[in-house]
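Data first, discussion second: the structure below is written as structure tokens.
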Amino acid sequence: MARPIARWGVFLGFGALWWWAVLRLALAPGAGALEGAVAAGGWGLSLLPVHCVPKGRAAGAVDVRRWAQAWQMERATTASPHRRSDAGSAP
């Protein structure tokens with residue numbers, strides 16, 4: 001029981017620190033680099049993809065071997081060169 005309470009305490013503490021930095025940046029004329037770093041760091045953490053799963057377990061994921069086969073086939077085929085738009089025109 002103590003572990004979840006401590007975890008919530010840490011989250012609330014970091015949240016309060018982030019809000020302090022954001023409000024100080026917005027309202028105080030003397031806000032500096034420390035407040036900016038705390039605010040930017042907290043915002044950057046919100047961009048982390050926390051609901052990701054490994055590629056093998058993802059719904060609709062394509063097996064890596066299929067991608068490798070597709071790349072190998074692309075290298076093996078040769079396409080005809082593109083025609084230039086002025087190739088057949090007379091001067």
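Basis for what follows: all heavy atoms, side chains included, without hydrogens, waters or symmetry-related copies.
Under the salt bridge (Lys or Arg N to Asp or Glu O under 4.0 Å) criterion, the residue pairs touching residues 16-42 are Arg24-Glu35, with sequence neighbours excluded.
Pairing each heavy atom of Ala39 with each of Val22, the nearest pair is CB-CG2, 3.9 Å. The two residues Ala21 and Val38 have their closest heavy-atom pair at CB-CG1, 3.6 Å.
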Please tabulate, for the side chains in residues 4-11, all donor-acceptor contacts under 3.5 angstrom to protein atoms that are two or more places apart in sequence or on a different chain.
none

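Remark: Leu25 CG to Leu34 CG distance equals 9.5 Å, nearest 0.5 Å.
For CH2 of Trp20, the number of neighbouring non-hydrogen atoms (other residues, nucleotides, ligands) closer than 6.0 Å is greater than 12.
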